[in-house]
2 protein chains.
Amino acid sequence: MTGQTKPASYCTDRKWKGRADCSHCGIRRLMLFSELPEVSFAHLLKPIDNFVLVPGGILYEEGKGGEVVYSIRRGLVKLMHSKPSGEQRIVRLLGQGAVVGLELLDAGVPYQHTAMAVQPVDVCAIPVSTLRDLEAHHPELCDRIRQQLQYHVDRADHWIKTLNTGVARDRIAQLLLLLTELAPDRNGDIQLLPRDDMAAVVGMTPETASRIIADFRRRGLLAKIAPGTYRIEKQRLQRLCEANAGTE
Amino acid sequence: MTGQTKPASYCTDRKWKGRADCSHCGIRRLMLFSELPEVSFAHLLKPIDNFVLVPGGILYEEGKGGEVVYSIRRGLVKLMHSKPSGEQRIVRLLGQGAVVGLELLDAGVPYQHTAMAVQPVDVCAIPVSTLRDLEAHHPELCDRIRQQLQYHVDRADHWIKTLNTGVARDRIAQLLLLLTELAPDRNGDIQLLPRDDMAAVVGMTPETASRIIADFRRRGLLAKIAPGTYRIEKQRLQRLCEANAGTE
DNA sequence: CGGTAAATTGACTGCTCTCAATTTACGTGG
DNA sequence: CCACGTAAATTGAGAGCAGTCAATTTACCG
């Protein structure tokens with residue numbers, strides 16, 4: 001139970017990096033366990049595994065049972081709901097510090113979304129039972145979990161307000177601004193999403209998303225830095241969204 | 001501190017019904033305190049007040065500080081976000097058993113929405129400090145709060161998927177189905193929302209909402225029972241949403 | 001019964017979708 | 001390193017849906 005043995009769930013789109021060493025985690029201040037004393041990690045019954053996923057890699061699938069939640073150390077994850085018609089609607093984009101799969105804390109409830117990496121992702125898989133054990137001895141963890149859920153609520157509300165309201169152009173602009181918040185590289189540039197993902201985020205067709213992106217590029221609001229990497233004119237995009245009567 | 005004195009926040013759209021008597025609450029099984037022993041309510045430092053609000057009455061306003069969360073005993077409440085442009089977007093509709101204002105549990109955070117009654121509402125105002133006190137002695141309350149937040153997350157996700165996706169007609173149909181779930185009267189009939197509210201829920205203009213409702217009435221999917229009260233053809237509306245290629 | 005607000009309806013514009021053709025990007029194997 | 005094949009992105013043309021603005025009708029409160 002203690003050796004560095006690859007877990008059974010190992011597969012091609014998920015690369016195991018080892019057991020997580022929470023007490024030496026470089027970004028623990030951002031994470032779920034930020035307030036826990038180091039000694040608490042010494043005698044966990046189940047291991048916390050650390051994974052890397054390539055874009056397209058699946059963390060978990062809607063409707064399936066499971067026993068781990070994922071804490072995102074790096075990268076960008078999309079949460080999707082599938083509609084009766086079969087198509088997928090993206091309901092959230094999450095980056096560093098977010099925890100996904102917390103719905104499992106209600107006993108018997110399966111994952112509510114399909115969670116997929118849209119950029120290379122580094123996650124820790126925390127067993128629900130471990131969470132419950134730690135919670136029993138550290139009531140402050142309960143607050144951290146509550147804050148995580150509140151974060152999801154706030155994100156969802158902001159999503160409804162900014163990404164699902166108004167004309168197509170403004171919604172795409174808001175999406176670009178969101179990407180700048182969630183997943184900027186060291187220069188503040190962003191990786192654009194595939195057009196179908198953009199469409200599934202804001203609720204339009206990929207063609208319309210493509211037209212708007214092309215238009216933004218022609219107008220210099222968006223400049224290609226490298227394949228997939230773009231620099232955005234943040235302030236001009238913000239003005240674009242707020243003033244709908246602008247002369248832009 | 002113990003007598004039946006009207007609280008200072010008394011105002012015209014909010015009618016005080018008295019101190020809540022949680023241990024004899026008729027619908028406690030649905031509420032936040034369902035698992036707490038009756039004795040715990042005996043020595044609360046601050047009172048839990050019981051209010052009734054008429055449609056249009058405000059529970060709290062976005063950005064303002066506060067010290068109580070509201071547990072909905074009866075009626076329908078809308079949560080609104082105001083956009084920079086000034087208009088309001090409705091991000092949630094909540095009925096019996098839901099608790100709103102839980103964002104206050106993060107110290108220093110103001111209310112994130114404006115909460116307004118859309119139908120006559122009966123609520124209990126629970127001081128945040130009371131919640132914290134009870135939580136300290138009853139860890140299971142922490143689970144109830146977590147479940148409440150999870151409920152809000154699930155609702156928000158469902159909102160994005162059903163009310164903010166697809167053509168206008170389907171979204172209005174989904175809204176009618178949601179109202180049937182949240183606030184059916186004893187006959188299963190519903191109170192329609194004002195057209196501006198419908199528009200603010202699904203993200204369209206009041207005119208378009210009106211046209212669709214009028215069309216539903218002409219096609220017999222919706223029948224007026226009394227002023228404001230309508231009977232809906234639930235199954236036909238469901239078919240309408242699911243099969244977009246239907247011959248309806 | 002009158003006044004105001006809400007809802008309905010019409011005409012027209014314009015945005016977004018649909019379907020299809022074309023171009024570009026990218027991974028694979030020679 | 002280049003050529004190729006596939007997938008993604010872009011672009012075009014046309015139709016239909018939803019928005020806008022305005023007029024009219026209906027509902028509701030006092």
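Residue numbering restarts at 1 for every chain, and letters A, B, ... go by the order of the sequence lines. None of these values were measured; they are calculated from a predicted model.
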For [X], what residues pass the salt bridge (Lys or Arg N to Asp or Glu O under 4.0 Å) criterion, not counting sequence neighbours?
{"X": "B/Arg92", "answer": "A/Asp157"}
{"X": "A/Glu233", "answer": "none"}
{"X": "A/Arg89", "answer": "none"}

statement: Separation between CZ (B/Arg219) and CG (B/Leu240), nearest 0.5 Å, reads 6.0 Å
I'd like to check the ring pair (Phe, Tyr, Trp, His ring centres under 6.0 Å) partners of [X]; sequence neighbours left out, ordered by chain and number.
{"X": "A/Tyr111", "result": "A/Tyr60"}
{"X": "B/His113", "result": "B/His81"}
{"X": "B/Tyr230", "result": "none"}

Residues within residues 75-87 of chain A bordering DNA chain D, heavy-atom distance below 4.0 Å: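 Here the set is empty: none.
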Can you list, pair by pair, the side-chain donor-acceptor contacts under 3.5 Å of residues 172-181 of chain A, counting residues two or more places apart and other chains?
residue  : atom : partner  : partner atom : Å
A/Thr180 : OG1  : A/Leu176 : O            : 2.9
A/Glu181 : OE1  : A/Arg155 : NH2          : 3.0

- request: Apply side chain to side chain donor-acceptor pair (under 3.5 Å) to B/Gln191 and list each qualifying residue two or more places apart in sequence or on a separate chain.
  value: B/Thr229
By side chain to side chain donor-acceptor pair (under 3.5 Å) - contacts of A/Arg171 (at least two apart): none
task: Name the residue closer to the 5' end of DNA chain C, choosing between A/Pro227 and B/Pro194 according to the nucleotide with the nearest heavy atom.
output: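 This one resolves to B/Pro194.
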- prompt: Using a cut-off of 4.0 Å between protein heavy atoms and nucleotide atoms, how would you tag nucleotides 8-24 of chain C 5' to 3' with B, S and -?
  reply: BBBB----SSBB-----
message: What's the angle between the local helix axes at either end of the helix from C/dC1-D/dG30 to C/dG30-D/dC1, using five pairs per end and rounding to 10 degrees?
response: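 That helix gives 50° between its end axes.
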message: Output the rounded distance in Å from CG (B/Asp196) to P (D/dG19).
response: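 That distance rounds to 14 Å.
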